[in-house]
Amino acid sequence: MKVSIVGSGYVGLVSGACFAELGHRVVCVDLDAGRIAALRAGRPPIYEPGLDVLIRANAGLGRLSFDTSLEAAATADVVVIAVGTPAGPDGRPDLSQVFAAANALARAARGRLVLAIKSTVPVGTGDAVEREILSLAPQLALSVVSNPEFMREGQAISDFMQPDRIVVGAEDAVGCDMMRRLYAPLTNGGATLLAAPRRTSELIKYASNAFLATKLSFINEIADLCEAVGADVSLVGAGMGSDPRVGRAFLQAGPGYGGSCFPKDCQGLLATAGDHSVELAVVAAASAANDRRKAAMARRVIRAMGGFVQGKTVSVLGIAFKAGTDDIREAPAVRIINDLVSAGATVRAYDPQAATHARSALPGVDIRPSAINCCKGSDCIVVATEWREFAELAPAALANVVSNRLLVDLRNVVDHEALSRAGFVVHAVGRRPHYPSANLDHDPIGEKARRRDHSAASPGEAAHAPPSAAYAS
Ligand code: NAD
């Protein structure tokens with residue numbers, strides 16, 4: 001089939017490269033001429049594992065091309081819209097890119113247009129796009145289909161090629177049939193295609209993201225309780241997740257969720273519910289809990305540093321909103337860095353992939369080329385993204401370069417016991433702190449400090465100050 005993808009960002013590029021890999025002839029279109037020129041030269045503008053190889057292989061076979069013009073795109077068997085739908089000022093998704101693309105396609109299309117909306121759009125957008133196109137091109141045989149995307153950045157290619165489900169919301173047989181043909185290489189291999197009415201399909205995407213966001217806010221609140229009662233959230237999450245009714249995914253406590261989807265999709269869903277006078281109290285609470293959590297993380301670091309960061313140096317490891325991507329949109333690390341800078345700290349940061357984006361988003365912050373370089377002379381290390389390389393850092397190497405052996409692990413990824421053996425005080429989310437060369441259960445000084453801090457800290461900020469200067473050399 002001939003397939004056009006309008007919008008060559010994360011979703012558009014991964015989808016385009018994967019559809020080409022499945023044997024379709026694909027053109028990826030974008031307004032951004034620099035982006036298209038880079039893609040033609042074999043350089044993807046985003047970091048996504050395996051994407052560069054997939055793009056080069058399929059471009060080499062002549063199955064994947066890139067263009068800035070919508071003219072040719074409009075004649076494909078299926079045109080996929082994958083433009084951005086960022087949050088607008090009132091929290092509702094800004095649909096201007098979707099309607100601009102639909103408008104241009106209405107003018108360029110001839111005869112038949114099967115338009116699949118892969119961008120995340122509120123319920124009813126398919127109806128509105130259909131009306132808009134038909135008002136401009138009433139002669140078109142038009143099928144507007146909802147086809148939400150569930151890929152996760154960092155594992156987007158495997159998510160696309162081995163999907164849990166493919167959701168298609170078509171209102172007519174031609175649209176439905178074309179989408180079945182588009183995905184036949186996957187469904188023939190056993191993938192499930194769930195056909196639903198268009199509005200239902202649109203809502204499946206929002207409900208899925210809001211549910212996952214709720215799971216994260218839930219485990220983050222349980223992490224706060226774990227700190228207060230001396231339990232371990234990693235084990236609580238594992239114990240809960242062993243029950244298939246609960247599931248293991250999204251039960252890792254952290255600094256709050258970020259990224260380009262969960263925060264905006266929760267707000268978008270709440271706006272839709274508000275428009276229909278429906279109260280979504282659970283989603284509203286999950287969203288508010290996440291905002292509070294992100295705001296609390298810098299205070300947690302400051303408490304661990306004794307309540308005062310003026311003139312001190314903090315090294316933040318990880319800027320991307322999660323491991324495996326260079327995306328820093330709504331990243332908790334960005335909030336933490338800005339809050340620490342506002343509190344008077346000197347902040348340096350390192351990320352294996354997000355340095356370029358970080359330099360433009362955090363102009364005053366010193367972005368370092370490696371984790372060890374970032375930690376040189378540091379008064380406190382903060383692990384803000386769960387990159388595997390942070391788990392593999394040698395504690396002795398870190399101990400040798402820092403000024404003060406203090407680490408706050410907001411992702412529970414580093415080996416706390418190994419670090420404590422190297423002389424570090426380690427604070428974590430939802431777990432007891434570790435003090436130098438001591439198993440806390442047998443460390444009366446550490447236990448004393450833990451109790452003292454629990455009585456002082458407010459809920460959600462139960463980070464523990466180092467027990468004494470002697471431990472923090
Ligand atoms: P993005 O911002 O990375 O990419 C959007 C691209 O569309 C940009 O390159 C932009 O230049 C281009 N564009 C805008 N208007 C255009 C037009 N009229 N013609 C051609 N190109 C145009 O966005 P993204 O992260 O890929 O997200 C796209 C959509 O998919 C959003 O609705 C998002 O919520 C949804 N989504 C994203 C993810 C994710 O992990 N990023 C996952 C699932 C769904």
Side-chain angles (χ1 to χ4, degrees), residues 45-49 153-154 252 254-259 294 297-298 300-302 304-305 309 311-416 418-419 422-429 463:
I46 55 165
Y47 171 74
E48 181 62 37
E153 290 179 17
Q252 287 73 39
Y257 57 76
K294 282 162 100 172
M297 290 301 110
R300 170 181 289 249
V301 172
I302 294 167
M305 294 178 73
V309 291
K312 293 189 182 172
T313 299
V314 182
S315 302
V316 177
L317 298 183
I319 309 167
F321 83 93
K322 65 173 183 176
T325 180
D326 62 354
D327 197 339
I328 63 168
R329 290 178 280 186
E330 303 280 334
V334 171
R335 171 78 198 254
I336 292 165
I337 290 169
N338 283 328
D339 288 353
L340 288 171
V341 169
S342 299
T346 299
V347 180
R348 301 165 182 163
Y350 163 71
D351 190 282
Q353 293 296 337
T356 306
H357 293 314
R359 283 198 181 94
S360 49
L362 297 162
V365 175
D366 184 3
I367 308 296
R368 295 290 178 103
S370 74
I372 289 289
N373 180 297
C374 182
C375 295
K376 271 187 192 154
S378 173
D379 293 303
C380 178
I381 300 171
V382 178
V383 179
T385 308
E386 71 280 24
W387 287 102
R388 183 188 291 265
E389 77 167 69
F390 302 151
E392 291 167 353
L393 285 169
L398 285 177
N400 280 340
V401 297
V402 296
S403 293
N404 185 38
R405 293 175 188 172
L406 173 64
L407 184 143
V408 180
D409 183 1
L410 298 176
R411 298 285 189 167
N412 288 340
V413 287
V414 297
D415 183 339
H416 299 178
L419 279 159
F424 275 87
V425 174
V426 183
H427 297 289
V429 284

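None of these values were measured; they are calculated from a predicted model.
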Considering all heavy atoms of both residues, which atom of [X] and which atom of [Y] are nearest to each other, and what is their separation?
X: Asp379; Y: Asn404; result: O-ND2, 3.0 Å
X: Ala371; Y: Glu389; result: CB-OE2, 4.2 Å
X: Asp326; Y: Gln353; result: CB-O, 3.3 Å
X: His416; Y: Ala428; result: CE1-CB, 3.2 Å
X: Ala298; Y: Ile336; result: CB-O, 4.0 Å
X: Ala384; Y: Ala333; result: CB-CB, 3.8 Å

Could you check whether any side-chain heavy atom of [X] comes within less than 4.5 Å of a side-chain heavy atom of [Y], counting everything from C-beta outward?
X: Phe390; Y: Arg411; value: no
X: Met305; Y: Leu406; value: yes
X: Met297; Y: Val408; value: no
X: Leu410; Y: Val383; value: no

With a 3.5 Å distance limit and no angle check, can you tell me whether [X] reaches the backbone of [Y] through a side-chain donor-acceptor pair?
X: Lys322; Y: Gly154; answer: no
X: Thr313; Y: Ser378; answer: no
X: Asp409; Y: Val414; answer: yes
X: Lys294; Y: Pro255; answer: no

From [atom1] ([X]) to [atom2] ([Y]), nearest 0.5 Å:
X: Ile46; Y: His357; atom1: CD1; atom2: NE2; value: 8.5 Å
X: Arg388; Y: Leu393; atom1: CZ; atom2: CG; value: 13.0 Å
X: Arg335; Y: Leu340; atom1: CZ; atom2: CG; value: 11.0 Å
X: Ile381; Y: Cys375; atom1: CD1; atom2: SG; value: 3.5 Å

(request) Please determine which of Ile367, Val401, Asp351, Leu317 meets the side chain to side chain contact (heavy atoms under 4.5 Å, CB included) test together with Cys374. (result) Leu317

(message) Ring-plane angle category for Trp387 and Tyr47, please: parallel below 30°, perpendicular beyond 60°, tilted otherwise.
(response) tilted

(request) For Thr385 and Ile319, run side chain to side chain contact (heavy atoms under 4.5 Å, CB included): C-alpha distance rounded to whole Å, both residues' side-chain angles, the deciding distance at 0.1 Å, then the answer. (result) CA-CA 6 Å; Thr385 308; Ile319 309 167; 5.5 Å; no

(request) Decide side chain to side chain contact (heavy atoms under 4.5 Å, CB included) for Val425 and Leu407; before the verdict, give the C-alpha distance in whole Å, the side-chain angles of both, and the deciding distance to 0.1 Å. (result) CA-CA 6 Å; Val425 174; Leu407 184 143; over 6 Å; no

